[in-house]
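In what follows, every chain begins at residue 1, and chains take the letters A, B, ... in the order their sequences are listed. If you're wondering where the values come from, they're calculated on a predicted model, not measured in any experiment.
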Amino acid sequence: MRAQLMWRTLPSLVLGLLFLSTPVMGSCLDKDQELLRQLQKQADIMQRTSMLLHPYIQSQGLDKDGLKEHCRERPGTFPSKEALQRLSRQELLRALDTMLDHVLHRLMALQRDIPKAQDLETVNRAKQNIRGFKNNIHCMAQLLPGSSERTEPAPIGPGTSPSPTPTPDTFQRRLEGCRFLHGYHRFMHSVGQVFREWAESPSRSRRHSPRRGLRKGARRVPLSRGNKRLLPRGQLPR
Amino acid sequence: MALFSVSKTAFLLAFLSLRTYQSEVLSEPLPWAPESLKVSVNTTSQSLHLQWTVHNLAHHQEFRMVFQIEISRIKTSNVIWVENYTTTVKWNQVLHWSWESKLPLECAKHFIRMRSAVDAAKTPGPRVWSSWSSWEEADVQNSLGQDLLFVFPKDKLVEEGSNVTICYVSKSHQNNISCYLEGVRMQGEQLDPNVSVFNLNHVAFIRETGTNIYCKPGQGDGIKGTVLFVSKVLQEPKDFSCETQDLMTLNCTWDPGSDTGLLKQLSQSYTLFESFSGKKILCKHKSWCLWQVAPESQDMYNFTLTAENYLRKRSVHLLFHLTHRVHPMAPFNVLFKNVNATSATMTWKVHAIGKYYTLLCQVELYGEGKVTQHNVSVKVDGVHLFSGLEPDTEYLAQVRCANGDHFWKWSEWTHQNFTTVEAAPSEAPDVWRNVKIVQGRCVVTLFWKPLSKLQAHGKILFYNIVIEYLDRTSGSEVLSIPAPASGTELPLNQCSSQIRITASNSVGTSPASVLVVSREPGNEEVEEERVKGTEDGFPLSWNPQPRHVTGYLVEWCEQPRDPPCDLQWKNLGPNVTSTVVSSDAFRPGVRYNFRIYGISTERVPCLLARKTGYSQELAPSDNPQVVMTNLTSHSFTLSWKNYSTESQPSFIQGYHVYLKSKAGRCHSGSEKAVLSDVPCVGWLIVPPPQQITEIISILTYFCSFEEGKVLIKNTTLFSSPAPTLIRILLPTVFCILLIMITCYLKSQWMKEKCYPDIPDPYKSSVLSLIKSKENPHLTIMNIKDCVPDSIEVLNKQEGTRKSFTETESTKPTYLYLLPTEKRYSSPGPCICFENFTYNQAASDSASCGHVPAPPKAPPSQLGLLTSPENLLKALEKNYMNSLGEIPAGETSLNYVSQLASPMSGDMSNLPKNPPEPALCSEYKMQMAIPLGLASPPSSGSSSLSSITLLDEGERYH
């Protein structure tokens, strides 16, 4: 229970820190639609497996028959698209920020197993993309109504849970890293789709409060926040 | 002796006592047996680690003992390893021993036991062992975890080419587990029902991130694997060397060799150990390391460089004296002072390497394509004076230094450029002239060559020209021509003058170059000679001058000389009588004219020789335009005017003329005519050939014996052997033809005037009228069917013109040609046709229906009628015309041809015996043929009919 509380409060703390670090991150666009398009494009770029997964598979020798089939996202590592759609905008942004922090940490861990400078450069570029994406998330969060209000941590369920502890075995760590990257690209694909849905209903971006947005989302998927909180950890809502 | 006996006894006693002790041990358990044996497993190194103690050792007691260790796998009876470990054992000491397993320890249980013995290798007899310790079990499988499948060893690091054993441990009951190495299935052997091993021999390096080995069951997602890190063999460092730049820090470098190809974490490390000081450092870099020198406390250093990774260790050593490894830093602050036209002083500083060391510095100077080198000893500051420099020249100076006491290495070079200042030009400009008289006034064109850099000593700004007239009636003229001019044209007030030319730069003026111009044009009558150029140039020679000359000068120029060419010249000494003029500007096919002058002591040039030639002769660029004239039966003239031999790329020595017959063979004897010494406008008379029909070509012939061919034209000559006959026959034939044509035209004209064409009776309208009114069977008589038997002479009075009805009263006169008795017994009907359109009167008389028997005609009349050819021809003509229009079978009537020709010459005889005198008579030849004879006679031909006419006439003779 204590751990659950900690994982709930951690994203809000992170987002709060992001808000405080706004001057460091630079100025934000004040046009939410333009910012949303930018986020979509970034998500489109980050979902490409050529940005991370394929170079990783290549460098680790996982591109072999019978082996690459196991390089699939492990359920529960990242939230599903449906789970993201259920979140209000504020909640989604917070969840994204948290997940991307997690990705950054994993990427830094993966870098230790990458010997070639070229592959390292690939990972560094991916990390820069994630940081830029996080910055835009921060800006988008500021544009949303009620951003100054204290918000609860995003209850996105499975994605917030810590990933399985990497095994000391290099092979297992390698395989887990591959699966993680696969899930990361899939996750960014889902994020891009959700952002696209935002763009298709622009009126929701400013005029509706997060709560209303959440209610709209709840109408699409008849699952209340309370119910979502009751979802067992590590299980994707369907 | 007694001493020997005592010692021998003592040795025996001691030996006996030892043997007694050993026998006691054998009979009792050994008091120093291993105790507290503990076995631990290091899965990283795949080794078993044993530790134990030896019991009952007295304080300060030491024994050299042997421990025999047995290792069994899977079960105790399966002993796989026995080893004797010998060591010195002290009181209360914990002993250690390790054993590395080839098979991953996780793959099978291992059992270990040991026993000990005192090391009595120096003593004879069997070794007395203690009892075995109990079996200690090393079982890692118990701590593997909850997974169903494991692959071992984990992350093993091996060298390329080594042998590795891999195993998997399955906790499930299904045995359908397959294992792969980089996607290739491996074949293994089953160690027990849940364990299989795979032996990999000579493993190869695949990638830095290791080789993936994995196993997976037939069903499910329980893939497990391991990474085998294969390292390349660690190489020994090469070229290990240490040096210092400041006696404070040693920089040690080496070549690490090829990389082991592993991740940074697994890569080799390098350590540097100095034995005298005992210091050891871990180098941060793979190829160099810095070592701090203890100042003034250590001169000798003995380094050991060790390259080490998990698998191998390589070391190299280096012993040296510190001062022998001084590699000074590059000098700095290089400056130049007191730079003038010919010298400069360079100063520099060096980094100090101690108080008592002297540096040897090397100074190099680059300039004008030369290098000079100097060595300078330096403590702190270096100074060097460069002398003998060229003015206005840029130099590059560089300096480097080394330890002067113990040379090790030069420092890096330090470069600096400097430029000397300008000086006055050292040489007079090389000047030549060309003098011409323009409108009675001397005009001299001066040419000079730019001074070389070594002569100019700076940038030439002006060329100063001073003209001094030798008769001193005029004052001097001074001109200044700005550089970079290379010549000027000067009209002189007087030809006899002396010209002085100097070059000036910013510092001063060069010595003067003096030329003397005189009105005398020089020896222009010198005959021009030809000179043949070679690859080296034009070899020129001339006769030495009896007069004293200060030198010779050769000038040359491309032809033509006018407009002024790029005049070139070459000065030669007074003793030179030959030279080879060479120039890169010489081009093949260009004629160059050379003039050789002798320069007198008064600086007056005198022309000695003129030569002309080509550096290389080429084929003529164009061929003569040949014109052929004066063509006769035995000669013709070829001419090629306006062919300029001077503009040709070679000397034209002659022309070739080729003659060729039509048959294709060259005409013997005269087919080739070599025409030498033919001027540019020439005439050639070709000898008369016997059968010349064509001139094929004319070939230009020149000195290099190459030929250019040009086809001029094909000309046909007369080949008649009798020209006189031709001269007669041709006009004759021509005249005859002319006369014939004239006569023909005249006769035609006469005919038109006197005997016009008789109209065609068939087309007469009267015929149709007669047919319709009188006799429907009336038709035209064929003349062939008519036999003329009489001639009717009509007397026609001029001006009488009667109507058609009045013709009955006219009585025609008939000349009977045939005898009456041979004719028909009774006068047959005979119809006479007359040309009404021609003679109305005659027509009227011929319209009679009955023809009376004709009277006998005198023979003369018959002859008159039949003799003229034209008359017969005209008759024949009309007859033939009639035949053409009468259809065959319809000819049933006789035809009477009517001719009227009062102008005929033959007719003029008629008045001699006329039946009746008449002014104008008309002849009518009437042929009366009976109807029974309407068909042709046996001969049936018209000609025969005519002959018959003549025969009948002859009968009267």
K.L.:
By a 4.5 Å heavy-atom criterion (distance strictly below it), what part of A:Leu62 contacts chain B: side chain, backbone, both, or neither?
P.N.:
both
K.L.:
Within the 4.5 Å heavy-atom criterion, are B:Tyr180 and A:Lys64 side-chain neighbours or not?
P.N.:
no
K.L.:
Atom CD of residue position A:Glu121 - does it have more than 12 heavy atoms of other residues, nucleotides or ligands inside 6.0 Å?
P.N.:
yes
K.L.:
Taking everything shown except B:Trp81 itself, do over 12 heavy atoms lie less than 6.0 Å from its CH2?
P.N.:
no
K.L.:
With distance as the sole test, does A:Thr170 use its side chain to make a donor-acceptor pair with the main-chain N or O of B:Asp155 at under 3.5 Å?
P.N.:
no
K.L.:
Just verifying a value: how many Å separate A:Asp65 CG and B:Glu182 CD, rounded to the nearest 0.5 Å?
P.N.:
12.0 Å
K.L.:
Step through the shown structure and confirm whether more than 12 heavy atoms of other residues, nucleotides or ligands are within 6.0 Å of NZ on B:Lys284.
P.N.:
no
K.L.:
Hey, is the main chain of B:Asn212 close enough, under 3.5 Å, to the side chain of A:Arg174 for a donor-acceptor pair?
P.N.:
no
K.L.:
Taking CD in B:Glu137 as the centre, count heavy atoms belonging to other residues, nucleotides or ligands within less than 6.0 Å. Is the count above 12?
P.N.:
yes
K.L.:
Should we say atom NE2 of A:His105 is surrounded by more than 12 heavy atoms from elsewhere, each under 6.0 Å from it?
P.N.:
no
K.L.:
I need the A:Gln172 CD to B:Lys154 NZ distance, nearest 0.5 Å.
P.N.:
6.0 Å
K.L.:
Between chain B and each of A:Lys68, A:Gln60, A:Glu69, count heavy-atom pairs under 4.5 Å; write down the option with the most.
P.N.:
A:Gln60
K.L.:
Against chain A, label B:Lys216 side chain, backbone, both or neither, depending on which of its atoms sit under 4.5 Å from a heavy atom there.
P.N.:
side chain
K.L.:
Would the number of heavy atoms belonging to other residues, nucleotides or ligands and lying under 6.0 Å from NZ of B:Lys171 be above 12?
P.N.:
yes
K.L.:
Counting heavy-atom pairs under 4.5 Å with chain A, which one of B:Thr226, B:Thr209, B:Ile213 comes out on top?
P.N.:
B:Thr209
